[in-house]
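Counting starts at 1 for both ligands and their atoms, in listed order. Quick caveat, the model's predicted, so the values are computed rather than measured.
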Amino acid sequence: MSESANNAPVVLDIRGLTKKFPLEDGRFLTACDNISLRVYKGQTLGIIGESGCGKSTLVRTILQLHPATSGEVIYNGENLLEATGEKRRQNRRRIQMVFQDPTAAFNPKMKIKDILCEPLRNFGLIKSRDVDAKAAELLRMVELPEDFKDRYPHSMSGGQRQRVGIARALALEPEVIVCDEATSALDVSVQKTVCELLIKLQREKNIAYMFICHDLGLVDLMCKQVAVMYLGNVVELIEGRRISEACRHPYTRALLKVVFKIDFARGEKIEPLAGEIPSPVELPPGCPFQTRCPQCMDVCRRQKPALREVEPGCHVACHLYS
Ligand code: SF4
């Protein structure tokens, strides 16, 4: 594993990952365009952007739920995307996922203990006589009462089910957990406790998270690094907790303006982004944000800006900073 600037080893090195979906008329929808990111051990990489920006496709391509069009995802010195058969299965053991709606991922007829231990059974890592004890241990990890193991998913609240989803992801002791909008469906107070739980588990187990979210305030708090995506591109990569003072890209700044605050001044308005979003099937040449950018210049319509480091820890893809 290579070392990062902050001395944490890289666990996932995503290099030039592109995903295009073929359409019936022969054209292609580009969901992710040449994305390079690193996920560091024990740290959280946040991925943020509007619906349809490609953030979920990115993680699903990393997890080989969609075949990549091109690019590499290096894990333990090997390209995950080339793994097949048993090797691919073993890789999946080390990279787990927590979904937005755990209920949809659970069999409603299974007890919580069986849901929790199903991944271990799939890998032949548990005997039937050990299921109760292991389920109790996993429930303790996510701060749920042990006797929940004999419940069914429908008899739990949304926050409790999401804790079960996290416990299930922990069962195989992964190095990376992908949280795909894992807190988005929860009430704000429940969201806070689930985020606190994720942070606590990360400290205890040194797990890396990829945290997919559309709440800029939340990723800023949760993440060591935040990648901002727009129309399949990473337009800014910035340290968490520095977004409000250090972000540069016009899209990130526009997102900041629409973050809901409880201290809005009287008469202050939320200003939605103006301009049309181009079709991902027919992206114009140049900057993907040009149709909504108030600072668009001629060069922006001709040349696509590359993601460049503009100060330590801050990368931006914008001609204003070329
Ligand atoms: Fe705006 Fe141009 Fe920067 Fe794109 S490259 S964000 S259009 S200024």
Could you check [atom] against the protein and tell me its nearest heavy-atom contact, residue, atom and distance included?
atom: atom 3 (Fe) of ligand 1; result: C318 SG, 2.3 Å
atom: atom 2 (Fe) of ligand 1; result: C300 SG, 2.2 Å
atom: atom 5 (S) of ligand 1; result: H319 N, 3.3 Å
atom: atom 1 (Fe) of ligand 1; result: C293 SG, 2.3 Å

Atom pair NZ (K87) and CD (E78), whose distance is rounded to the nearest 0.5 Å: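 Nearest 0.5 Å value for the NZ-CD distance: 4.0 Å.
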
Plane angle bin for Y152 and H154 - parallel if under 30°, tilted between 30 and 60°, otherwise perpendicular: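 If you compare the ring of H154 with that of Y152, the planes turn out parallel.
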
Polar contact flag, side-chain donor to acceptor under 3.5 angstrom, [X]-[Y]:
X: E175; Y: Y75; result: yes
X: E311; Y: Y321; result: no
X: N34; Y: T18; result: no

What atoms in ligand 1 come closer than 4.0 Å to a heavy atom of [X]?
X: Q290; value: 7 (S)
X: L320; value: 8 (S)
X: P250; value: 6 (S)

Residue from D132, D147, D130 passing salt bridge (charged side-chain N to carboxylate O under 4.0 Å, His left out) with K113: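 Single pass found, and it is D132.
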
Single-linkage hydrophobic cluster, 4.5 Å side-chain cutoff, I62 and F21 together: no

C287 backbone or side-chain N/O/S under 2.8 Å from atom 4 (Fe) of ligand 1: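 Yes.
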
Close approach, H249 and ligand 1, non-hydrogen under 4.0 angstrom: yes

